[in-house]
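Data first, discussion second: the structure below is written as C-alpha coordinates.
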There are 2 protein chains.
Amino acid sequence: MEVTIAEDQAIDLHKKLEIFFHVKEENHEFCPVRDIMDRFGDKWSLLAILNLGNSGKTRFNELKGKIEGISQRMLTVTLRSLERDGLITRTIYAEVPPRVEYELTPLGKGLLQQIMELAQWAANSMDEIVKARMDYDSKLQ
Amino acid sequence: MEVTIAEDQAIDLHKKLEIFFHVKEENHEFCPVRDIMDRFGDKWSLLAILNLGNSGKTRFNELKGKIEGISQRMLTVTLRSLERDGLITRTIYAEVPPRVEYELTPLGKGLLQQIMELAQWAANSMDEIVKARMDYDSKLQ
DNA sequence: CCGTATCCAACAGGATACTG
DNA sequence: CAGTATCCTGTTGGATACGG
(Lines give C-alpha, C1' and ligand atoms only; values in the text may rest on other atoms or scores of the structure.)
Protein backbone atom coordinates (compact mmCIF):
# COMPACT_ATOMS: atom_id res chain seq x y z
CA MET A 1 0.00 0.00 0.00
CA GLU A 2 2.75 2.42 0.95
CA VAL A 3 4.65 1.38 -2.14
CA THR A 4 1.62 2.08 -4.29
CA ILE A 5 1.29 5.57 -2.88
CA ALA A 6 4.99 6.24 -3.43
CA GLU A 7 4.72 4.98 -7.00
CA ASP A 8 1.71 7.16 -7.68
CA GLN A 9 3.59 10.18 -6.41
CA ALA A 10 6.57 9.33 -8.59
CA ILE A 11 4.38 9.02 -11.67
CA ASP A 12 2.61 12.25 -10.80
CA LEU A 13 5.91 14.09 -10.42
CA HIS A 14 7.22 12.76 -13.67
CA LYS A 15 4.10 13.90 -15.50
CA LYS A 16 4.47 17.36 -14.03
CA LEU A 17 8.08 17.47 -15.14
CA GLU A 18 7.13 16.37 -18.63
CA ILE A 19 4.53 19.09 -18.86
CA PHE A 20 6.94 21.59 -17.43
CA PHE A 21 9.72 20.82 -19.91
CA HIS A 22 7.28 20.64 -22.75
CA VAL A 23 6.02 24.14 -21.99
CA LYS A 24 9.60 25.29 -21.86
CA GLU A 25 10.27 23.94 -25.34
CA GLU A 26 7.16 25.46 -26.84
CA ASN A 27 7.92 28.93 -25.57
CA HIS A 28 11.63 29.44 -25.32
CA GLU A 29 11.37 32.58 -23.21
CA PHE A 30 9.15 31.04 -20.55
CA CYS A 31 10.80 29.24 -17.65
CA PRO A 32 8.92 29.45 -14.33
CA VAL A 33 11.91 28.53 -12.21
CA ARG A 34 14.06 31.27 -13.66
CA ASP A 35 11.21 33.70 -13.24
CA ILE A 36 10.68 32.70 -9.63
CA MET A 37 14.30 33.20 -8.80
CA ASP A 38 14.51 36.49 -10.65
CA ARG A 39 11.53 37.88 -8.78
CA PHE A 40 11.77 36.40 -5.30
CA GLY A 41 15.36 35.20 -5.13
CA ASP A 42 16.56 38.45 -3.61
CA LYS A 43 17.45 38.90 0.03
CA TRP A 44 14.21 40.34 1.41
CA SER A 45 11.09 39.63 -0.71
CA LEU A 46 10.09 36.34 0.88
CA LEU A 47 10.72 37.66 4.38
CA ALA A 48 8.49 40.65 3.65
CA ILE A 49 5.71 38.38 2.36
CA LEU A 50 6.05 36.15 5.38
CA ASN A 51 5.84 38.99 7.89
CA LEU A 52 2.91 40.60 6.12
CA GLY A 53 1.19 37.23 6.22
CA ASN A 54 1.77 36.95 9.93
CA SER A 55 0.86 40.51 10.86
CA GLY A 56 -1.83 41.43 8.33
CA LYS A 57 -2.05 45.13 7.50
CA THR A 58 1.23 46.68 8.62
CA ARG A 59 2.87 50.10 8.64
CA PHE A 60 6.27 50.79 7.13
CA ASN A 61 8.33 51.17 10.28
CA GLU A 62 6.40 48.44 12.04
CA LEU A 63 7.47 46.09 9.25
CA LYS A 64 11.01 47.40 9.40
CA GLY A 65 11.11 46.41 13.06
CA LYS A 66 9.95 42.89 12.32
CA ILE A 67 12.36 42.14 9.50
CA GLU A 68 15.60 42.03 11.35
CA GLY A 69 18.53 43.68 9.65
CA ILE A 70 16.74 45.29 6.72
CA SER A 71 17.68 48.85 5.85
CA GLN A 72 15.14 51.56 5.12
CA ARG A 73 16.26 51.68 1.52
CA MET A 74 15.91 47.96 0.92
CA LEU A 75 12.50 47.80 2.57
CA THR A 76 11.29 50.53 0.24
CA VAL A 77 12.80 48.84 -2.80
CA THR A 78 11.39 45.45 -1.82
CA LEU A 79 7.89 46.72 -1.09
CA ARG A 80 7.76 48.68 -4.35
CA SER A 81 8.73 45.58 -6.28
CA LEU A 82 6.09 43.45 -4.55
CA GLU A 83 3.49 46.14 -5.13
CA ARG A 84 4.40 46.31 -8.81
CA ASP A 85 3.87 42.57 -9.14
CA GLY A 86 0.45 42.83 -7.52
CA LEU A 87 1.44 40.83 -4.44
CA ILE A 88 0.82 43.59 -1.90
CA THR A 89 -1.22 46.79 -1.72
CA ARG A 90 0.04 50.15 -0.48
CA THR A 91 -2.44 52.44 1.21
CA ILE A 92 -1.53 56.04 2.03
CA TYR A 93 -3.56 57.89 4.67
CA ALA A 94 -3.54 61.67 4.34
CA GLU A 95 -2.60 62.36 7.94
CA VAL A 96 0.12 64.19 9.80
CA PRO A 97 2.40 62.44 10.45
CA PRO A 98 1.82 60.33 7.34
CA ARG A 99 0.67 56.74 7.68
CA VAL A 100 1.22 54.07 5.03
CA GLU A 101 -0.02 50.52 5.35
CA TYR A 102 0.92 47.45 3.39
CA GLU A 103 -1.13 44.29 3.01
CA LEU A 104 -1.00 41.06 1.03
CA THR A 105 -3.32 40.73 -1.96
CA PRO A 106 -5.01 37.36 -2.67
CA LEU A 107 -2.18 36.73 -5.11
CA GLY A 108 0.36 37.48 -2.40
CA LYS A 109 -1.44 35.12 -0.02
CA GLY A 110 -1.14 32.40 -2.65
CA LEU A 111 2.58 32.92 -2.76
CA LEU A 112 2.70 32.88 1.03
CA GLN A 113 1.17 29.40 1.02
CA GLN A 114 3.90 28.22 -1.33
CA ILE A 115 6.60 29.81 0.79
CA MET A 116 5.26 28.13 3.88
CA GLU A 117 5.43 24.74 2.20
CA LEU A 118 9.01 25.39 1.22
CA ALA A 119 9.90 26.74 4.66
CA GLN A 120 8.42 23.65 6.29
CA TRP A 121 10.40 21.39 4.01
CA ALA A 122 13.52 23.37 4.86
CA ALA A 123 12.80 23.22 8.58
CA ASN A 124 12.22 19.47 8.43
CA SER A 125 15.30 18.84 6.26
CA MET A 126 17.69 21.16 8.02
CA ASP A 127 19.15 18.51 10.30
CA GLU A 128 19.82 16.20 7.40
CA ILE A 129 21.45 18.97 5.38
CA VAL A 130 23.64 20.08 8.26
CA LYS A 131 24.71 16.49 8.83
CA ALA A 132 25.51 15.97 5.13
CA ARG A 133 27.55 19.14 5.14
CA MET A 134 29.57 18.11 8.17
CA ASP A 135 30.26 14.71 6.60
CA TYR A 136 31.37 16.35 3.37
CA ASP A 137 33.65 18.84 5.08
CA SER A 138 35.24 16.23 7.33
CA LYS A 139 36.32 14.25 4.27
CA LEU A 140 38.37 17.18 2.98
CA GLN A 141 40.53 16.92 6.15
CA MET B 1 -18.85 23.81 1.39
CA GLU B 2 -16.30 25.77 -0.59
CA VAL B 3 -16.32 28.44 2.07
CA THR B 4 -15.66 25.85 4.75
CA ILE B 5 -12.69 24.51 2.88
CA ALA B 6 -11.30 28.01 2.40
CA GLU B 7 -11.73 28.77 6.10
CA ASP B 8 -10.01 25.56 7.06
CA GLN B 9 -7.09 26.46 4.86
CA ALA B 10 -6.89 29.93 6.38
CA ILE B 11 -6.87 28.50 9.90
CA ASP B 12 -4.30 25.93 8.89
CA LEU B 13 -2.03 28.58 7.39
CA HIS B 14 -2.33 30.78 10.44
CA LYS B 15 -1.38 27.89 12.71
CA LYS B 16 1.65 27.16 10.56
CA LEU B 17 2.69 30.81 10.72
CA GLU B 18 2.30 30.85 14.50
CA ILE B 19 4.47 27.78 14.84
CA PHE B 20 6.96 29.22 12.43
CA PHE B 21 7.33 32.54 14.25
CA HIS B 22 7.39 30.80 17.58
CA VAL B 23 10.32 28.65 16.47
CA LYS B 24 12.05 31.78 15.27
CA GLU B 25 11.71 33.39 18.69
CA GLU B 26 12.96 30.35 20.56
CA ASN B 27 16.08 30.02 18.49
CA HIS B 28 17.18 33.36 17.25
CA GLU B 29 19.61 31.96 14.69
CA PHE B 30 17.08 29.71 13.02
CA CYS B 31 15.00 31.13 10.20
CA PRO B 32 14.02 28.63 7.48
CA VAL B 33 13.20 31.28 4.91
CA ARG B 34 16.58 32.94 5.23
CA ASP B 35 18.23 29.55 5.09
CA ILE B 36 16.32 28.59 1.96
CA MET B 37 17.29 31.74 0.20
CA ASP B 38 20.92 31.50 1.28
CA ARG B 39 21.19 27.97 -0.05
CA PHE B 40 18.96 27.90 -3.14
CA GLY B 41 18.47 31.57 -3.91
CA ASP B 42 21.41 31.63 -6.28
CA LYS B 43 21.11 31.69 -10.03
CA TRP B 44 21.51 28.00 -10.86
CA SER B 45 20.78 25.59 -7.97
CA LEU B 46 17.07 25.12 -8.59
CA LEU B 47 17.60 24.74 -12.32
CA ALA B 48 20.21 22.05 -11.70
CA ILE B 49 17.85 20.17 -9.36
CA LEU B 50 15.05 20.45 -11.87
CA ASN B 51 17.12 19.11 -14.75
CA LEU B 52 18.53 16.26 -12.69
CA GLY B 53 14.97 15.39 -11.72
CA ASN B 54 13.91 15.29 -15.34
CA SER B 55 16.92 13.42 -16.70
CA GLY B 56 17.88 11.13 -13.83
CA LYS B 57 21.57 10.20 -13.71
CA THR B 58 23.39 12.75 -15.86
CA ARG B 59 26.95 13.51 -16.96
CA PHE B 60 28.62 16.86 -16.46
CA ASN B 61 28.59 18.12 -20.04
CA GLU B 62 25.19 16.61 -20.68
CA LEU B 63 23.84 18.71 -17.83
CA LYS B 64 25.73 21.74 -19.09
CA GLY B 65 23.90 21.38 -22.40
CA LYS B 66 20.51 21.24 -20.72
CA ILE B 67 20.93 24.26 -18.47
CA GLU B 68 20.99 27.03 -20.99
CA GLY B 69 23.52 29.77 -20.38
CA ILE B 70 25.43 28.22 -17.48
CA SER B 71 29.22 28.44 -17.57
CA GLN B 72 31.49 25.52 -16.78
CA ARG B 73 32.69 27.27 -13.66
CA MET B 74 29.21 27.91 -12.29
CA LEU B 75 28.03 24.38 -13.02
CA THR B 76 30.96 23.04 -11.03
CA VAL B 77 30.37 25.46 -8.17
CA THR B 78 26.64 24.72 -8.11
CA LEU B 79 27.03 20.94 -8.21
CA ARG B 80 29.64 20.98 -5.45
CA SER B 81 27.35 23.01 -3.25
CA LEU B 82 24.42 20.67 -3.85
CA GLU B 83 26.62 17.65 -3.21
CA ARG B 84 27.86 19.18 0.04
CA ASP B 85 24.28 19.63 1.22
CA GLY B 86 23.48 15.99 0.44
CA LEU B 87 21.04 16.82 -2.35
CA ILE B 88 22.94 15.10 -5.14
CA THR B 89 25.55 12.37 -5.46
CA ARG B 90 28.67 12.56 -7.59
CA THR B 91 30.01 9.34 -9.06
CA ILE B 92 33.39 9.22 -10.76
CA TYR B 93 34.15 6.36 -13.16
CA ALA B 94 37.85 5.60 -13.58
CA GLU B 95 37.81 5.63 -17.37
CA VAL B 96 39.59 7.46 -20.13
CA PRO B 97 38.20 9.94 -20.91
CA PRO B 98 36.83 10.44 -17.41
CA ARG B 99 33.11 10.10 -16.79
CA VAL B 100 31.30 11.73 -13.90
CA GLU B 101 27.61 11.29 -13.22
CA TYR B 102 25.32 13.28 -10.96
CA GLU B 103 22.04 12.13 -9.49
CA LEU B 104 19.47 13.39 -6.99
CA THR B 105 19.45 11.83 -3.53
CA PRO B 106 16.12 11.16 -1.81
CA LEU B 107 16.61 14.48 -0.04
CA GLY B 108 17.14 16.19 -3.38
CA LYS B 109 14.00 14.58 -4.75
CA GLY B 110 12.08 16.00 -1.82
CA LEU B 111 13.32 19.45 -2.69
CA LEU B 112 12.38 18.83 -6.30
CA GLN B 113 8.79 18.22 -5.25
CA GLN B 114 8.74 21.57 -3.45
CA ILE B 115 10.26 23.34 -6.43
CA MET B 116 7.64 21.86 -8.72
CA GLU B 117 4.87 23.19 -6.51
CA LEU B 118 6.42 26.62 -6.57
CA ALA B 119 7.02 26.45 -10.32
CA GLN B 120 3.41 25.49 -10.91
CA TRP B 121 2.20 28.37 -8.79
CA ALA B 122 4.49 30.69 -10.75
CA ALA B 123 3.30 29.32 -14.08
CA ASN B 124 -0.34 29.72 -13.06
CA SER B 125 0.17 33.19 -11.64
CA MET B 126 2.42 34.59 -14.33
CA ASP B 127 -0.37 36.18 -16.34
CA GLU B 128 -1.73 37.94 -13.28
CA ILE B 129 1.70 39.21 -12.28
CA VAL B 130 2.47 40.48 -15.77
CA LYS B 131 -0.89 42.25 -15.88
CA ALA B 132 -0.35 43.85 -12.46
CA ARG B 133 3.05 45.03 -13.57
CA MET B 134 1.72 46.63 -16.74
CA ASP B 135 -1.00 48.40 -14.75
CA TYR B 136 1.55 49.67 -12.25
CA ASP B 137 3.94 50.93 -14.91
CA SER B 138 1.20 52.64 -16.92
CA LYS B 139 0.25 54.71 -13.87
CA LEU B 140 3.75 56.20 -13.69
CA GLN B 141 3.13 57.83 -17.15
C1' DC C 1 35.96 15.01 -20.47
C1' DC C 2 35.88 17.30 -16.38
C1' DG C 3 37.37 20.16 -14.08
C1' DT C 4 40.62 24.39 -11.41
C1' DA C 5 42.71 29.10 -11.30
C1' DT C 6 42.69 33.76 -12.22
C1' DC C 7 40.91 37.95 -13.42
C1' DC C 8 37.27 41.20 -13.87
C1' DA C 9 32.65 43.57 -14.59
C1' DA C 10 28.01 44.16 -12.95
C1' DC C 11 24.98 44.67 -9.56
C1' DA C 12 22.76 44.00 -5.02
C1' DG C 13 22.50 46.20 -1.16
C1' DG C 14 24.46 48.87 3.22
C1' DA C 15 25.55 53.62 5.35
C1' DT C 16 24.53 58.08 5.53
C1' DA C 17 22.33 62.42 4.78
C1' DC C 18 18.45 64.86 3.44
C1' DT C 19 12.95 65.94 2.48
C1' DG C 20 7.54 66.41 2.35
C1' DC D 1 6.69 58.83 9.54
C1' DA D 2 7.95 57.39 5.38
C1' DG D 3 10.40 57.91 2.28
C1' DT D 4 14.51 59.69 -1.67
C1' DA D 5 19.28 60.54 -3.14
C1' DT D 6 24.00 59.58 -3.18
C1' DC D 7 27.85 57.13 -2.48
C1' DC D 8 30.43 53.03 -1.86
C1' DT D 9 31.72 48.12 -0.87
C1' DG D 10 31.24 43.01 -1.21
C1' DT D 11 29.74 39.32 -3.62
C1' DT D 12 28.07 36.84 -7.73
C1' DG D 13 29.15 35.01 -11.60
C1' DG D 14 31.03 35.40 -16.64
C1' DA D 15 35.34 34.88 -19.70
C1' DT D 16 39.43 32.89 -20.40
C1' DA D 17 43.33 29.95 -19.91
C1' DC D 18 45.31 25.97 -18.18
C1' DG D 19 45.73 20.95 -15.94
C1' DG D 20 44.84 15.61 -14.83
Side-chain angles (χ1 to χ4, degrees), chain A residues 31 33-49 51-52 55 57-85 88-103 136 139-141, chain B residues 31 33-49 51-52 55 57-85 88-103 136 139-141:
Chain A
C31 177
V33 171
R34 279 183 207 250
D35 287 335
I36 293 171
M37 297 321 296
D38 286 350
R39 277 163 238 280
F40 314 116
D42 66 303
K43 197 171 178 182
W44 302 111
S45 289
L46 296 192
L47 284 171
I49 298 266
N51 277 279
L52 282 173
S55 306
K57 198 174 290 187
T58 314
R59 298 181 62 163
F60 184 87
N61 277 331
E62 201 181 339
L63 203 51
K64 188 169 181 301
K66 287 171 195 284
I67 306 175
E68 196 180 296
I70 196 168
S71 65
Q72 193 171 33
R73 185 179 109 82
M74 287 316 296
L75 183 56
T76 302
V77 169
T78 302
L79 291 173
R80 287 291 185 282
S81 164
L82 294 175
E83 186 195 3
R84 189 167 105 98
D85 284 352
I88 65 173
T89 56
R90 177 168 176 263
T91 312
I92 307 164
Y93 297 89
E95 302 172 357
V96 180
R99 178 163 59 103
V100 179
E101 288 183 340
Y102 296 88
E103 192 174 21
Y136 185 91
K139 282 167 190 166
L140 304 176
Q141 281 90 11
Chain B
C31 176
V33 171
R34 278 185 206 250
D35 287 334
I36 293 171
M37 295 322 295
D38 285 351
R39 276 163 237 280
F40 314 117
D42 66 303
K43 198 171 178 182
W44 302 111
S45 289
L46 296 191
L47 284 171
I49 298 268
N51 276 279
L52 282 173
S55 306
K57 199 175 291 188
T58 314
R59 299 182 61 164
F60 184 87
N61 277 332
E62 201 180 339
L63 203 52
K64 188 170 181 299
K66 287 171 195 283
I67 306 175
E68 196 180 295
I70 196 168
S71 65
Q72 193 172 34
R73 185 179 109 82
M74 287 317 297
L75 183 55
T76 301
V77 170
T78 302
L79 291 173
R80 286 291 184 283
S81 164
L82 294 175
E83 187 196 2
R84 189 167 106 99
D85 285 353
I88 66 173
T89 57
R90 178 168 176 263
T91 312
I92 308 164
Y93 296 88
E95 302 173 358
V96 180
R99 178 163 58 104
V100 180
E101 289 182 339
Y102 296 89
E103 191 173 20
Y136 184 93
K139 283 167 189 165
L140 305 175
Q141 283 92 9

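All chains are named by letter (A, B, ...) in the order of the sequence lines, taking the proteins before the strands, and each is independently numbered beginning at 1.
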**CD1 on B/I70 to CZ on B/R73, rounded to 0.5 Å** = 11.0 Å
**B/Y102 vs C/dG3: side-chain N/O to OP1/OP2 distance below 4.0 Å** = yes
**Message:** How many whole angstroms separate atom CD1 of B/I67 from atom P of C/dC2?
**Reply:** 14 Å
**A/K43 side chain near D/dT11 phosphate (N/O to OP1/OP2, under 4.0 Å)** = no
**Request:** On DNA chain D, check which nucleotide each of A/R73 and A/V100 is closest to and give me the residue with the more 5' one.
**Result:** A/V100
**Request:** Figure out the CD1/C1' separation between A/I70 and D/dA2, and round it to whole Å.
**Result:** 14 Å
**Residue whose nearest DNA chain C nucleotide is more 5′ - A/P98 or B/Q72** = B/Q72
**Asked** What integer distance in Å separates B/L75:CG from D/dA15:P?
**Response** 14 Å
**Message:** Expressed as a whole number of angstroms, how long is the span from B/E68:CD to D/dG14:P?
**Reply:** 13 Å
**Request:** Report the distance from atom CE of A/M37 to atom P of D/dT12, rounded to the nearest whole Å.
**Result:** 13 Å
**Request:** Respond yes when some side-chain nitrogen or oxygen of A/R80 is under 4.0 Å from OP1 or OP2 of D/dA2, and no when none is.
**Result:** no
**Request:** Scan A/S71 against the nucleic acid and name what it touches under 4.0 Å (heavy atoms): base, sugar-phosphate only, or nothing.
**Result:** sugar-phosphate
**Request:** Would you please confirm or rule out a distance under 4.0 Å between OP1 or OP2 of D/dA2 and any side-chain N or O of A/R59?
**Result:** yes
**Message:** Rounded to whole Å, how long is the line connecting atom CG of B/D42 with atom P of C/dA12?
**Reply:** 15 Å
**Request:** State, yes or no, whether a side-chain contact exists between B/D42 and B/S81 at a heavy-atom distance under 4.5 Å.
**Result:** no
**Request:** Just call it for A/E95: base, sugar-phosphate, or nothing, with non-hydrogen atoms closer than 4.0 Å on any strand.
**Result:** nothing
**Message:** Would you say that B/R90 contacts B/R80 through its side chain, given a criterion of any heavy-atom pair below 4.5 Å between the two side chains?
**Reply:** yes
**Prompt:** Could you give the CH2-to-P distance, from A/W44 to C/dC11, as a whole number of Å?
**Reply:** 22 Å
**Asked** Taking the side chain as C-beta and beyond, is there a heavy-atom pair between B/L79 and B/L63 under 4.5 Å?
**Response** yes
**Request:** Report the C-alpha separation of B/D38 and B/R34 in whole Å, then their side-chain angles, then the decisive distance to 0.1 Å, and conclude whether the salt bridge (charged side-chain N to carboxylate O under 4.0 Å, His left out) test is met.
**Result:** CA-CA 6 Å; B/D38 285 351; B/R34 278 185 206 250; over 6 Å; no
**Item:** Between P of D/dG13 and NZ of B/K64, the distance in whole Å
**Value:** 16 Å
